[in-house]
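Predicted model, so just to flag it, every value in this text is computed and none were measured. Naming convention: chains lettered A, B, ... in sequence-line order (proteins, then strands); numbering from 1 in each chain.
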Number of protein chains: 2
Amino acid sequence: MTSIYDIAKMAGVSAATVSRVINDERYVSPETREKVQKVLRKTGFVPNANASSLTKKRTNTIAVVVPDITNPFFTEIIRGIEEQASAQKIAVILFNTDEDMDKERGALRFLMEKRADALIIASTASFAKHITSHLSAEIPLVLLDRQPKGLKADLVRSDDHRGAQMLVDYLVALGHREIGFIKGKDGISTARLRLEGYLQALEKHGLGPDEKLIVSGDFKQEGGREGMLKLLALACPPTCVITSNNLEALGALAAIRQMGLSIPEDISLVCFDDLELASQVYPFLTVVAQPVRTMGAVAAQLALERLDGNVQKPREVVMQMTLLERKSARRV
Amino acid sequence: MTSIYDIAKMAGVSAATVSRVINDERYVSPETREKVQKVLRKTGFVPNANASSLTKKRTNTIAVVVPDITNPFFTEIIRGIEEQASAQKIAVILFNTDEDMDKERGALRFLMEKRADALIIASTASFAKHITSHLSAEIPLVLLDRQPKGLKADLVRSDDHRGAQMLVDYLVALGHREIGFIKGKDGISTARLRLEGYLQALEKHGLGPDEKLIVSGDFKQEGGREGMLKLLALACPPTCVITSNNLEALGALAAIRQMGLSIPEDISLVCFDDLELASQVYPFLTVVAQPVRTMGAVAAQLALERLDGNVQKPREVVMQMTLLERKSARRV
DNA sequence: TTGTATGCGTTATCAA
DNA sequence: TTGATAACGCATACAA
């Protein structure tokens, strides 16, 4: 592989000078600069970023760890991150965890070895022990959507509490009194906040919570399907159901169809997080949506700001959710 | 930062030995190995992969360049790649090009600097000059979905030609005679093959092509919208339309609604590539789908095989498309 | 303004 | 089986 030493030789200067030209530093005479650049162009030389990261202590790399890149919620966020990052010549390394702790640990280990400059993570964990222990304290960390316990770090999330209230308000206004709820993954902050918001909103409307109407889920389709089947099997099923995220709603949808029922005639269904493209094809599912692309961009910026030195205390950015009314809930 | 030298000192051995332990090499006595590993564990030492890549000449990194990670077609492919890669301790660096040549060039340059071990790319270019010139010839290259001219490399794609025929056969069987076509991005192999397949199929059915029924597109929503508006403005609009990819179909859908028409009552619409989740919510759009997740996995494997030495000549993997019949086309 | 020398954290080579 | 020592490709302090 050709190195700056080879270039130096060809240009009749020292390697240091070549380095200076490449990095656009001052203190290089216009003549030598031109001389070096000519060789650079002619040879099509590409400096080795890994080598330079060794001395610079920066890899210009930011790691993104999410449960599932296939979920449009995360896809859009990643897009937002990538846009910001690549505009600043920073690469994005991607990791899927599949909501699996071991995979998450593996990802953390890996990105540490690669010395990523920053980490943006939607963690699958309830507690942050594994994060704090795997991650060196210096590396900028931005929590996305979810906040594991025991960790002070930047956080970009939406107002889940308020989102839940919007959903319940909406359903109550339509006349629903028995509102089922499929919970999110156990131990995840987002899941808890959404449940709490739901419970509070019920209380506000003078509707005592009915334990039987609250079933567990895992933020995945399968969990949503099982949860919905459980609700439908009730002696007195709810007239509508809220799922804790978009994927669960898809599973619930499948369950409902499986039972030969239809939405919203037989049962209403709403959820957290939009389906993006899916909602364009057929504006069907009523949801409270988060400004996903923006969230990604914000997360990237928070990370990059820390990179550029300005050390600050943990910041929390809370976005507003929007109710997108479509056709999956009816008046009763 | 602590290095293997520090570990060596603490363990009372040389750095070389520490390196051997870390890399699980032979020729380390069980006792010293245990001694070193104890220190490794106690300190939570994480080796610097960039430094090691310097000598090993491998970064354990594979770059993926796609037009838009937000398109479920690519999302699923990336998922397939990531699964394969991370199983082999290989990281995925992600780049969006937005169908923009400059961004693609930037991505190529960047991944070269990072010395990615391999590249999987769905190129936005008609010609591969910029790829061959930016990329060193040694780095394993897998073309995804699209094949720019002037480049011999591994290729993973689907049988676009055949897919087009399936679509036309299907529509003709429904009684359609005026079949509109919104083309893909100019100069992209996939776009060309799909158009050719369409034309041939028409001929097979004794339907001469009507120039007015073929409009241009760009593989993006906006292009699909404009194309469809053009078709709808015709004195004698087609009874059905094929778009060259899923995004264009979404745009076409918007155009149709904008004109106050509905599918499939007023006009039928089918396309290449599935919408994944969208099709789960509401199985609406009839498409010919590619086995996306698998394609990603295959692409990753082709790349990794080359990495592991077994040099071979360019391979081409052609997948079969599947017609997924849904509700966006009606009998006439 | 330029060059020399050294270090960044590993691995590979060669002796011991 | 282990340890010096020299790369790997680049950046930087220091000297010139």
Side-chain angles (χ1 to χ4, degrees), chain A residues 1-37 39-40 43-61 89 109-117 136 138-139, chain B residues 1-37 39-40 43-61 89 110-117 136 138:
Chain A
M1 200 77 250
T2 128
S3 75
I4 56 173
Y5 276 90
D6 305 313
I7 304 296
K9 208 165 297 174
M10 298 175 71
V13 298
S14 76
T17 300
V18 176
S19 172
R20 291 189 186 105
V21 171
I22 288 177
N23 295 299
D24 246 343
E25 282 175 32
R26 300 166 305 183
Y27 304 134
V28 184
S29 77
E31 304 84 54
T32 50
R33 184 182 298 276
E34 184 47 43
K35 193 168 52 178
V36 172
Q37 273 169 341
V39 179
L40 250 22
T43 58
F45 176 72
V46 179
N48 185 327
N50 300 304
S52 103
S53 78
L54 219 49
T55 53
K56 283 208 182 147
K57 267 101 176 57
R58 266 193 63 163
T59 54
N60 292 320
T61 275
K89 299 287 184 189
R109 165 83 187 191
F110 203 174
L111 89 242
M112 282 303 290
E113 291 184 354
K114 288 233 158 270
R115 299 294 191 269
D117 290 330
S136 90
E138 300 96 63
I139 159 171
Chain B
M1 201 77 247
T2 127
S3 77
I4 56 173
Y5 274 91
D6 305 314
I7 304 297
K9 207 166 295 172
M10 299 175 71
V13 298
S14 76
T17 300
V18 176
S19 173
R20 291 191 186 104
V21 172
I22 288 177
N23 294 300
D24 246 343
E25 282 174 30
R26 299 166 306 186
Y27 303 133
V28 184
S29 76
E31 304 86 50
T32 49
R33 185 182 293 278
E34 182 50 40
K35 194 167 52 176
V36 171
Q37 273 170 340
V39 179
L40 249 22
T43 57
F45 176 72
V46 179
N48 185 328
N50 300 306
S52 107
S53 78
L54 215 49
T55 54
K56 283 204 181 153
K57 267 102 177 56
R58 264 191 68 159
T59 55
N60 292 320
T61 276
K89 299 287 183 190
F110 204 173
L111 90 241
M112 282 303 291
E113 291 183 356
K114 288 231 158 273
R115 298 293 192 269
D117 291 329
S136 91
E138 300 96 61

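Evaluation of the ring pair (Phe, Tyr, Trp, His ring centres under 6.0 Å) rule for Phe45(B) yields no partner, not counting sequence neighbours. Taking Thr59(B) as the reference, Asn50(A), Lys114(A), Ser53(B), Thr61(B), Arg115(B), Asp117(B) meet the side-chain contact (heavy atoms from CB on, under 4.5 Å) condition, with sequence neighbours excluded. With sequence neighbours excluded, the residues that form a side-chain contact (heavy atoms from CB on, under 4.5 Å) with Ser19(B) are Ile4(B), Asn23(B). Take Ser52(B) and apply the side-chain hydrogen bond (donor to acceptor under 3.5 Å, both in side chains) test, not counting sequence neighbours, and it matches no residue.
For the residue pair Asp6(B) and Met1(B), the shortest heavy atom distance occurs at OD2-O, 4.0 Å. The shortest non-hydrogen separation linking Ala15(B) to Ala8(B) is N-CB, 3.6 Å.
Note that the first and last nucleotides of DNA chain C, 5' to 3', having any atom under 4.0 angstrom from a heavy atom of chain A are dT1(C) to dG9(C).
Here Thr32(B) lies in heavy-atom contact (under 4.0 Å) with sugar-phosphate atoms only.
The NZ atom of Lys89(A) sits 7.5 Å away from the CD atom of Glu113(B) when rounded to the nearest 0.5 Å.
Between Tyr27(A) atom OH and dA11(D) atom P there is a gap of 18 Å when expressed in whole angstrom units. The separation between Asn60(A) atom CG and dC10(D) atom P is 15 Å, rounded to whole Å.
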Atom pairs under 3.5 Å, N or O on each side, protein against nucleotides 7-9 of chain D: can you list them with distances?
from, atom 1, to, atom 2, distance (Å)
dC8(D), O3', Lys57(B), NZ, 3.4
dG9(D), OP1, Lys57(B), NZ, 3.4
dG9(D), N2, Ala51(A), O, 3.3

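A side-chain hydrogen bond (donor to acceptor under 3.5 Å, both in side chains) check over residues 8-18 of chain A, counting only residues at least two apart or in different chains, returns the pairs Ser14(A)-Thr17(A). The list of salt bridge (Lys or Arg N to Asp or Glu O under 4.0 Å) pairs with a residue in residues 14-35 of chain B, not counting sequence neighbours, reads Asp24(B)-Arg33(B), Glu34(B)-Arg41(B).
Taking 4.5 Å as the limit, some side-chain heavy atom of Val21(B) sits within range of a side-chain heavy atom of Gln37(B).
Proximity of residues 9-24 of chain A to DNA chain D (heavy atom under 4.0 angstrom from any strand atom) is restricted to Ala16(A), Ser19(A), Arg20(A), Asn23(A).
Note that the two end axes of the helix from dT1(C)-dA16(D) to dA16(C)-dT1(D) enclose an angle of 40°, each drawn from 5 base pairs, rounded to 10 degrees.
Across Ile7(B), Val36(B), Val28(B), a single residue satisfies side-chain contact (heavy atoms from CB on, under 4.5 Å) together with Val13(B), and that is Val36(B).
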